[in-house]
Amino acid sequence: MEQSSMEKYVPLHVCHVNKTSIIINRAHAFLHFIAILFLIHYRLSFFFQHPKNTTIPTLPWLLIFVSELLLSLAWLFTQSYRWRPVTRTVFPERLPADDKLPAIDVFICTADPNKEPSVEVMNTVISAMALAYPPEKLHVYVSDDAGSDVTLRCTKEAWNFARYWVPFCRKYDLVTACPDVYFSSSEVDSGDFEGSEFKAARTKMEEKYEVLKQRIRRIVQQHSTTGDALHNTRDHPSIIEVINEHPEEEDEVKMPLLVYVSREKRPSHHHNFKAGALNVLLRVSTMISNSPYILMLDCDMYCNDPTSTRQAMCYYCDPQTPSSIAFVQFPQTFRNICEDDIYDGEIRNLMKIFWHGFDGVGGPTISGSNFYIKREALLGSFSKQQELMALKRSFGPSNDFIKTLVEDYKPGFIHDGESSRMLLEKANVLASCSYENQTSWGSKVGFLYFCVVEDYFTGFTLHRKGWKSVYLYPKKPQFLGIATTNFNDTSIQWTRWASGLTSVAISKFCPLIYGPLKMSWVQLMCYSELAFMPLLNCLSLWGFALIPQLCLFNDISLYPKVSDSNFNIFFIIFVSAILKSLYEVVTTGGQVLTWRNDWRIWMMRSVTSYFYGSLDVVFNKLGMKEASFLPTNKVIDDEHAKLYEMGIFDFRTATTFLAPLVTVILVNIAAFVRALVVNVVDNDRDGFWEKMFGQMFLSFYILVSNYTVIEGMIIRRDKASIPLYVTLLSGVFSVFILLIGSAILC
Ligand SMILES: O=c1ccn([C@@H]2O[C@H](COP(=O)(O)OP(=O)(O)O[C@H]3O[C@H](CO)[C@@H](O)[C@H](O)[C@H]3O)[C@@H](O)[C@H]2O)c(=O)[nH]1
Ligand SMILES: [Mn+2]
């Protein structure tokens with residue numbers, strides 16, 4: 001009796017369906033949808049009335065209607081995330097013993113030592129080595145897309161430090177894996193140890209960490225002063241090195257393997273950005289460790305909590321969990337976010353709301369970093385009977401690599417001269433830039449090259465093949481990265497995302513065409529929401545920012561009179577949208593300030609990043625521009641950081657990003673002020689206020705929400721305010737829009 005109860009299955013994880021949210025969300029969606037139907041009816045009936053009954057021209061009516069439809073469609077898509085939100089809990093203490101756990105490879109990508117400070121990248125490397133997992137089952141790979149000597153030398157320094165850090169973490173059971181976080185945090189995290197021995201050990205470690213930082217700085221400095229004239233980040237052979245600085249010394253605690261990989265680069269070959277780097281790592285790691293699970297990390301993502309390994313394994317080691325789970329995604333969380341996050345650097349909606357909903361309908365898409373993925377999901381599974389030639393066509397010419405696919409290949413890398421040298425030579429072939437020629441890498445195998453949001457697109461294709469994923473959001477952040485905290489960086493980053501997503505939306509891979517019947521409809525809507533988000537938001541918001549204002553400027557009314565019962569439709573939609581978003585922000589731990597920031601940055605991005613991202617795709621299709629992936633800047637500049645912390649907008653960015661914002665504001669000011677002045681003078685002729693209230697209010701709302709732009713333009717006189725020439729240039733644009741727009745529309 002007792003025996004059987006002991007053998008009873010105890011789950012390693014549970015999923016909680018968020019019933020209250022589901023009821024609130026669906027009820028709200030239903031009511032809001034009805035209101036939208038009324039709006040559509042109201043707009044449509046205009047086209048059926050007798051032309052004599054109206055003085056309103058058709059074109060602006062049509063344009064504002066289209067804007068409303070597009071925004072409604074965007075809203076409809078986002079309802080998919082509200083359909084069935086779930087949260088999850090794991091029980092890592094129930095995992096099998098260490099010797100039964102599967103091995104893990106960790107991939108860390110870095111691409112530019114100037115934008116990605118080496119001290120931080122090395123902290124990521126060290127924290128990955130200190131993950132709570134049997135060291136012989138942990139293998140860390142650093143991909144250096146810059147092929148820089150700096151990164152190689154720093155990686156060696158990091159390894160030397162980790163030889164002390166890893167045993168220290170294990171001995172004292174630290175709950176922080178990253179030295180930078182550990183030594184800068186005020187609370188002394190010491191597990192059970194409080195004695196003087198621990199204190200002495202900690203002081204010694206801290207000294208060693210200081211030395212490490214100094215050494216890294218010296219390497220970086222030497223490099224920048226001597227300059228590495230011969231080195232070209234776009235033209236160099238591959239380098240693969242297993243880091244083991246002192247092979248003769250035996251370490252007291254076994255260490256995870258650390259491998260430095262810099263793939264070959266030639267100007268004649270497209271290197272496919274991060275996806276290309278990840279695919280090289282996939283091949284190289286297959287030869288060296290071939291772990292069934294892989295943790296992917298961007299170079300700025302420290303492993304904060306070392307137990308993420310075990311939490312993820314709860315999904316892979318649970319006997320009753322279907323084997324169709326391809327990846328376990330943790331949220332992207334950041335270490336430099338302050339309360340008043342004016343640029344929404346923490347991508348709040350996505351990480352705190354949308355991904356839980358995505359999880360409830362089949363699983364979220366890959367979010368670039370912080371996920372544990374099954375190797376099989378990226379490479380497929382094969383039997384010995386598989387035809388060799390077919391495999392070579394897909395996976396490239398290396399026999400050694402193919403062998404690893406059809407055999408249960410478990411290499412144990414040992415530093416023993418000859419055989420390890422041969423292994424690395426084979427791996428080098430796999431890292432050459434011509435290896436993928438005429439293969440399925442990037443089109444069917446591994447990370448996909450189709451667009452610069454390789455994470456989204458690869459995730460979409462996996463779900464389309466029937467794989468599932470889960471989203472794990474524990475209280476303690478498992479990973480901590482650097483968020484963008486100035487307008488310039490965030491604009492560049494979002495333009496890249498917008499361009500990547502839009503390129504999927506208007507291709508044959510458009511989720512609405514490529515996805516049906518391959519996944520649930522709701523999940524498909526989530527994917528469509530992301531793909532169409534830039535396009536829908538930018539088109540509709542440009543409409544809302546200009547059309548009603550141009551009409552206001554010309555005394556043309558686009559909204560019902562306040563006394564007209566139809567006015568309620570607009571009132572209800574507006575209030576319902578505002579209240580719902582406020583409710584969501586507050587129930588996910590935000591404040592009214594957070595909510596204001598969300599709305600503001602959404603408006604700003606729609607007319608800038610989403611707009612340029614979409615334009616980028618158009619130029620790309622016309623063959624006028626190549627896709628690009630500029631790595632996001634991760635250098636925290638004190639001056640920028642200070643402004644961000646004070647909640648002051650930093651307008652030091654390209655004129656291209658500022659001009660649309662300033663232009664929109666100027667047009668709104670012009671329309672609003674003119675209406676105000678003329679009608680005060682004219683003493684409310686023809687019931688002007690009643691007729692124009694909708695438009696006056698819209699302009700007013702836009703101006704109040706974006707007051708920070710007005711401030712940057714007129715009131716502030718600091719270095720980070722909007723330069724006068726941008727205001728003047730935008731002034732010219734707005735006069736142009738008012739004149740030409742009025743002529744066309746009215
Ligand atoms: O040619 C390249 C370009 C970038 N990277 C690395 O890719 C990572 C992500 O780049 P980053 O500039 O930090 O991108 P983010 O703006 O933070 O990117 C988000 O969006 C990307 C897709 O656009 C995802 O790949 C990221 O994981 C996700 O965090 C970094 O570690 C880079 O070093 C490369 O290895 N090779
Ligand atoms: Mn990043």
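Atoms within each ligand, like the ligands themselves, are counted from 1 in listed order. All of these numbers come straight from a predicted model, not from anything done at the bench.
In terms of protein heavy-atom proximity, atom 31 (O) of ligand 1 is closest to C109 O, 2.6 Å. Given atom 25 (O) of ligand 1, the protein heavy atom at minimum distance is E454 OE2, 2.6 Å. Nearest protein neighbour of atom 8 (C) of ligand 1, counting heavy atoms only, is D298 OD1, 3.3 Å. E116 OE2, 3.6 Å is the protein heavy atom nearest to atom 30 (C) of ligand 1.
Counting heavy atoms closer than 4.0 Å to ligand 1, residue V452 contributes backbone atoms (N, CA, C, O) but none from C-beta onward. Within the 4.0 Å heavy-atom criterion, the part of D455 lying near ligand 1 is the side chain and not the backbone.
Figure legend: cation-pi geometry between R283 and F401 absent, as NZ or CZ is not positioned both under 6.0 Å from the six-membered ring centre and within 45° of its axis. Because its NZ or CZ atom is not both nearer than 6.0 Å to the ring centre of Y471 and within 45° of the ring axis, R88 does not count as a cation-pi partner of that residue.
Here atom 14 (O) of ligand 1 lies nearest to R496 when heavy atoms of K115, Q332, R496, K274 are compared.
Residue-ligand proximity, F273 to ligand 1, at heavy-atom distances under 4.0 Å covers atoms 1 (O), 2 (C), 36 (N). The T110 neighbourhood of ligand 1 comprises atoms 33 (O), 35 (O), with distances under 4.0 Å to a heavy atom of that residue. The contact set between ligand 1 and T632, taken as ligand atoms under 4.0 Å from a residue heavy atom, comprises 11 (P), 12 (O), 14 (O), 15 (P), 16 (O). Less than 4.0 angstrom separates some heavy atom of Q493 from each of these atoms of ligand 1: 15 (P), 16 (O), 17 (O). Atoms of ligand 1 found under 4.0 Å from any heavy atom of G368 (numbered from 1 in listed order, with element): 24 (C), 26 (C), 27 (O). Of all atoms in ligand 1, numbered sequentially from 1 with element shown, those under 4.0 Å from a heavy atom of P631 are 12 (O).
A salt bridge links D105 with R375: at least one charged nitrogen is closer than 4.0 Å to a carboxylate oxygen. Using a 4.0 Å cut-off between a side-chain N of Lys or Arg and a carboxylate O of Asp or Glu, R652 and E639 qualify as a salt bridge.
For the side-chain hydrogen bond (donor to acceptor under 3.5 Å, both in side chains) condition, the pairs that include at least one residue of residues 619-629, sequence neighbours left out, are D616-K625.
Contact between K634 and ligand 1 is present, with at least one heavy atom of the residue lying under 4.0 Å from the ligand. Within the 4.0 Å heavy-atom cutoff, S369 counts among the residues contacting ligand 1.
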**Study point:** CA sep, side-chain torsions, deciding dist, call: Y456, Y527, ring pair (Phe, Tyr, Trp, His ring centres under 6.0 Å)
**Key:** CA-CA 8 Å; Y456 166 84; Y527 272 111; 5.5 Å; yes

Check your understanding: Going through the checks in order, is the ring pair (Phe, Tyr, Trp, His ring centres under 6.0 Å) test met by F479 and F330?
Key -> CA-CA 8 Å; F479 303 94; F330 287 92; 5.6 Å; yes

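Summarising the local packing, CZ of R215 is surrounded by 12 or fewer heavy atoms from other residues, nucleotides or ligands at distances under 6.0 Å.
Between V220 and P113, the closest side-chain pair of non-hydrogen atoms is not below 4.5 Å.
Judged as a side-chain contact (heavy atoms from CB on, under 4.5 Å), and not counting sequence neighbours, the contacts of H271 are R263, K265, F273.
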